[in-house]
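Below is one structure; the comments refer to it alone.
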There are 2 protein chains.
Amino acid sequence: MAVQLPSLDESELAAIDAWWRANNYLTVGQIYLMANPLLQEPLKAEHIKPRLLGHWGTSPGLAFVWAHLSRLIKRTGQKTLYITGPGHGGPAIVGASYLEGTYTEAFPKVTQDEPGMLRLFRQFSAPGGIPSHASVTTPGSIHEGGELGYALIHAFGSVFDNPDLLTVAVVGDGEAETGPLEGSWKGISFLNPERDGAVLPVLHLNGGKIAAPTVLSRKPREEVRELFEGHGYDVIEVDGHDTPGMHYRFADALAQAYAKITAIQESARVGEWDGTRPRWPMIILRSPKGWTGPHEVDGTLIEGTWRAHQVPLSGIKSNPEHLVMLEQWMRSYRPEELFDASGAPTELVRSANPVETDLTMSGTPYANGGRLMTPLDLPDFRDLAVPVEHRAADRLESTRKLGELMEEIYRRNPESFRLYCPDETNSNRLGAVFGASDRAWMEAVTPNDEKLSRSGRVMEVLSEHNCHGWLEAYNLTGRHGLFATYEAFAMVSASQTIQHGKWLQEADELSWRASIPSLNILLSSTAWRNDHNGFSHQGPGMLQLLLNMGSKVARVYLPPDANTLLSVADHCFRSTDYVNLIVQDKQPQPQWLTMEEAIEHCTRGASIWEWAGNEEGFGPGDPDIVLACAGDVMTMETVAAAEILKAKLPAMRTRVVNVVDLMTLRRPKDHPHGMSETYFRELFTDTKDVVFAFHGYPGGIHQLMHGRPDADRFRVRGFIEQGTTTTPFDMVVRNRASRYHLVMDAINNAKSLPKGAEDLKLWCEAQLLRHHDYIREHLEDMPEVRDWRLGEL
Amino acid sequence: MAVQLPSLDESELAAIDAWWRANNYLTVGQIYLMANPLLQEPLKAEHIKPRLLGHWGTSPGLAFVWAHLSRLIKRTGQKTLYITGPGHGGPAIVGASYLEGTYTEAFPKVTQDEPGMLRLFRQFSAPGGIPSHASVTTPGSIHEGGELGYALIHAFGSVFDNPDLLTVAVVGDGEAETGPLEGSWKGISFLNPERDGAVLPVLHLNGGKIAAPTVLSRKPREEVRELFEGHGYDVIEVDGHDTPGMHYRFADALAQAYAKITAIQESARVGEWDGTRPRWPMIILRSPKGWTGPHEVDGTLIEGTWRAHQVPLSGIKSNPEHLVMLEQWMRSYRPEELFDASGAPTELVRSANPVETDLTMSGTPYANGGRLMTPLDLPDFRDLAVPVEHRAADRLESTRKLGELMEEIYRRNPESFRLYCPDETNSNRLGAVFGASDRAWMEAVTPNDEKLSRSGRVMEVLSEHNCHGWLEAYNLTGRHGLFATYEAFAMVSASQTIQHGKWLQEADELSWRASIPSLNILLSSTAWRNDHNGFSHQGPGMLQLLLNMGSKVARVYLPPDANTLLSVADHCFRSTDYVNLIVQDKQPQPQWLTMEEAIEHCTRGASIWEWAGNEEGFGPGDPDIVLACAGDVMTMETVAAAEILKAKLPAMRTRVVNVVDLMTLRRPKDHPHGMSETYFRELFTDTKDVVFAFHGYPGGIHQLMHGRPDADRFRVRGFIEQGTTTTPFDMVVRNRASRYHLVMDAINNAKSLPKGAEDLKLWCEAQLLRHHDYIREHLEDMPEVRDWRLGEL
């Protein structure tokens, strides 16, 4: 049955209003003051910070919503997570945590007294301090308020498989203009009221961005309502700026929303749900930007306009009138009722907080998801081993094995693992998961649908932003998963990958932030094998971005076959606090290593493949040339090149090195996976030239090799942005990374050459000519359209 | 007055239907056939391609809309551009161009006869051929159908300042799920009916993506209607699959939409518009996926489901039954009515085409915008020169000068230049443009608004996707502009930058594609000076991505001051077919070069700053060390380091090299801007060590230097992902790129050292300790909050 909250009683009203005033006071203090935090003496110019930074406009609204949610929590015990969409509302959220006592727990020097308050004020948006937006340093936040667009996405990700959680996402009307945000309202089409928690969006229309109004604040009101009803929501509107009127109206709106949510959940959980996607409630809150702040300054309207966005009163140090206005403004909150003589929040203020820390929104473990994390129950990946009796004898779509692994993970972890994939699960050969779970789907289902149901937990939506961000929030609340997508289109959500990496890097420095599952990304339709799709589908940019990400966080794996993929995946699913990027194509590919070999290879990260080179007969000493490779297609070309050399130039001593964990190439001081210099020399020798075939842009290897002995000796072949609609083999030829190029590179760079080397180069050139003829013929003269795997092993 | 189209007459119906059948026939042929294109003999297995690729599902709907638009054009002479949102509808659009004769103009071997048709079929999604989506190789396309999300964005960008143009954007219901697409309906809030053209969105709900239904196709119909009414559109719905019924209904819907559009435009253009944002029409077209194709195969429903997405009939070579079905399917279009014995389209089919090539949607010059481009009327940027009597004497926000330049460009080019900026024009110090134009805004305006009006042409919307894509399409239709954004958040639209770069690179290989204005991007709130905003705002990832973009296309400029910025901007605004990335911060910065010097410096791309080094007294010979720099903050640190060396170690011979055009560092064979090896040696010597301070990730320079003489001697300092809320100077210290680090690097790497060098290193270390103390003190003991510019010049 729906939980019906009573109307606000007087003591609640008094507490909420006091808490709100206290929070607003703290926000103003954070923006302006470097002394006299309690206004125990008249405000003077020297109390004002020399540089005024921060964002007033959105803060009072954020604090208002928070205060009312605390009342809901107190009344119901509802586990609640608060997501601060309006980027720069940091002071309000920091202030909330301070008033709830969790800030002091996280940062013991920021005490609930005058010195602590002063520290709170000074640290804000100041060197050595905290940024002006809700961030990783803010208790209660799983959401960085810097880059806008992901508030609702994170909200939905947080409640999947968390039936007891209510996530309230405040969406600013600036953020509401971004593509990712507009694309995220449809989260309800994937939200199961029985098994998942609820999201309550609060669209906070306060009218302005930095310097102009927002679209939603200026559209006709009926249109806005219609828009969100069209998105499938039950729209509740609250308007105004009067108090206590707004308190009563918002409390009622919240009560109404909560009653609807609990009614929906209750009916689903007692089996009374007819399966129709519920009309979940949302609130549109219209309150002035800079509410309770200066209404007009120097004859110009501030409150309710974009002018309230940042610092509404400026030049205070030199403008005594503004100084007076600031003091009046701060005193309008009646600080003497809010903080006692020591500076601690009064009982009245504190009475607005939920009693148990874990129930406060700043202290909820859902916002520090590592506290709730349990490791995945993983099957033994060795059971899925591909038998490799003869190397490269059979071709296999390696990612199918990962699908099988995940099928079993789904079975064993029905509440803490999900796959997120933009409509490509089958296309990426991961379809085995459908043996354990359907696709999640709350819209209509027809008899012809397959693997699509209310109870499904495989997440498919044609939006990289949603997939990526849902998984991020699923991770941030302590659960596990994988985001699988096309390599080229991983760039759509590149910014999210980077921002999440920054989050993890900063979280690592905060002892109170518990470890969370790694963000696992699989790129399985890669640059080299989008031959038929053409240039727009060919781009290894994401891999390059990971190379520049902080080394605490970034991990890149390039498994060359199925067994290495299984070993890598097992490692990634066990790991925490990383961004694990796995790059492997979905097309059939040769299988190289037995499971035992694969595990050893992955453990080392890179090793010599003796069987691929021809060093055996030579006795001790260095090879003439090292052929190194990273990436499935590049591995195939390299092994093929070594085969050619073995067959046609057996006197040349050739070594093949395969790299599966790319970061092992960095120096140990540059990356924790970096291999020792001893091992590096063992693989690559001291001085012999290395021909390196790399999945990504060649510059990536140059960058990784920097500082290694004689790095100039590495000749790198890789993707050089030569793409089109062509054959897989033509792709490697166009990018000058084919087996024939590698053989010629080897010959051109080996220190000593056996007889016949020049002939072999000529032979390679002839092969390439033959290939070019084939392509030209096909284009110009249209011969028989042959199977286009010509030229592969 | 509204233009009212009459109902379809019989001859029109016959022509449209025949054209549609012909197009569908060509689509099926492209997917399946490698011989017997006209079905002049019974279909045999050997006529079928060995690998079946392509996407049937969306194609018939795309062709249907095209055919009806041609009729509208024939009736009205309306200039019309067609944007194909559904990614893989390529065959229909290629087929349309083929039937209109423009394909043969662009690709003379693909003639309108049997051999030409065979070539058309064979080249499709085949090696050496074309991709399966509408692309740069498709006449009539300004839109790459690979990465989804930008159909409507491109549509709006194309019609800004093009009052005579109607752009029809077909949005697939798969694409409709992406964030960028959902965020692009609001284009009408920025579209002026008087001055701009019109966009007619056709949302094509055919029900499926690759492997599952779509959200919009399964939401309740009323909800979908409400959603788009809420977006502000006048929704016209057309449903079904019956013919000729669908022809009549769609023709009526189109007539209705066109009447509304012309009525809106007419009233605005005769001065009768009340200024309310018009309710522009849109069409929701519900037709089955794979319409007119096999309804059921082997007992499974195909038509109208996701199973029709790609190749509905497979295994044809080995399944005689499927072969029969394919032949029946193709013959159901009655090819004998559509193509004459030679294979040319019959008069009936051709009669559906607009007569003038420029009016056909495949031949419109708007889709080959270079044909319409006129160069910008640019003021002389020298008139805006900043006087530099004493170097670095005054600090200036350099980007303000660019604002002034653009103000004048706006004035002189009122129909072909726009600035696109996510709500940051003022914040980026470009506000001078408001002297010439307001912000574009069609929603309500209030008396307190500033620089916001119907007539405004400065584009501000809080969406990087919209800003970027609007400019792309503005460029692709021949007009000029600039996209200005935060450096870190440029990553939001990184994927668009990359895809547009690929477009330009491919267009360069097509002689019939005319040159278009370059895409100019300014990153003006950079990693180094987002000190107060913290880590989420600090990231030079976009610059790194440009380094891996094709060298035909990518240009990167790092002007160190205002005069160099003006010179660079002038060059960029004159250029065509590039992606020009300009990186310069908006904060006050020292001014180094007079305008004359700036022009010479920019012309060279990189040069020795004699005044900054101390080589003068030394006579001929190499310096002991080269201090190189690229980027404003890095230039400041480098000049400061050189100052320290001059003052404290005058016997050490130091050279300063500044790089403004980053691509000059590449070898001439790797990039057209690459400097000659002679000039490279002139700047950097042959063997002396170079300490390089770089705006971006250090690996970027290693990558650019690859292949240069003794590249290992370059020690690069740059952004190493050490960010937080701190002082500008602390940012360079944290990333080990401060003046003191550079001095120590210089001493550590110089081949011969004068006396006193070790002392100077100690002094530098002491400076850094002092700085660390300052930061620690601030954090730990909260001293006076000082102006945080400590440590800068």
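So you know, we letter chains A, B, ... as the sequences are listed, proteins then strands, and number each from 1.
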State which residues pass ring pair (Phe, Tyr, Trp, His ring centres under 6.0 Å) with B/F535; sequence neighbours excluded, sorted by chain then number.
->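 Expected list: none.
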
Would you say the side chain of [Y] lies within less than 4.5 Å of the side chain of [X], judging by non-hydrogen atoms?
X: A/E226; Y: B/H231; answer: no
X: B/F190; Y: A/V215; answer: yes
X: A/S463; Y: B/E182; answer: no

Does any backbone or side-chain atom of [X] lie under 4.5 Å from a heavy atom of chain A? Answer side chain, backbone, both or neither.
X: B/I153; answer: neither
X: B/I130; answer: backbone
X: B/F124; answer: neither
X: B/Q499; answer: side chain
X: B/W306; answer: side chain
X: B/Q505; answer: side chain
X: B/W185; answer: neither
X: B/D712; answer: both
X: B/E147; answer: both
X: B/T214; answer: backbone

Apply the test salt bridge (Lys or Arg N to Asp or Glu O under 4.0 Å) to residues A/E460 and B/K209: give CA-CA distance (whole Å), side-chain angles for both, the deciding distance (0.1 Å), then the verdict.
-> CA-CA 11 Å; A/E460 277 192 2; B/K209 299 177 286 188; 5.4 Å; no

Counterpart residues, salt bridge (charged side-chain N to carboxylate O under 4.0 Å, His left out), relative to A/R225 (two or more places apart) |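 Residues passing salt bridge (charged side-chain N to carboxylate O under 4.0 Å, His left out) with A/R225: A/E229, A/E237.
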
Of all the heavy-atom pairs spanning A/D423 and B/A212, show the shortest one and how long it is.
->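 Taking every non-hydrogen atom into account, OD1-N, 4.0 Å.
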
Any donor-acceptor pair under 3.5 Å linking the side chain of A/E177 with the backbone of B/L462?
->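 Yes: the side chain of A/E177 pairs with the backbone of B/L462.
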
Does A/K219 use its side chain to pair, donor to acceptor, with the backbone of B/G230 at less than 3.5 Å?
->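 Yes, the answer is positive, given that a donor and an acceptor are paired below the 3.5 Å cut-off.
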
Sort out for me which residue in B/H133, B/E506, B/K502 forms a side chain to side chain donor-acceptor pair (under 3.5 Å) with A/S536.
->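 Checked B/H133, B/E506, B/K502 against A/S536; only one passes side chain to side chain donor-acceptor pair (under 3.5 Å): B/H133.
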
Less than 6.0 Å separating the ring centroids of B/H702 and A/H706?
->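 Yes; A/H706 has its ring centre under 6.0 Å from that of B/H702.
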
Of all of A/E721, A/Q722, A/E175, A/Q703, which one pairs up most often with chain B through heavy atoms under 4.5 Å apart?
->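 So the answer, after comparing A/E721, A/Q722, A/E175, A/Q703, is A/E721.
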
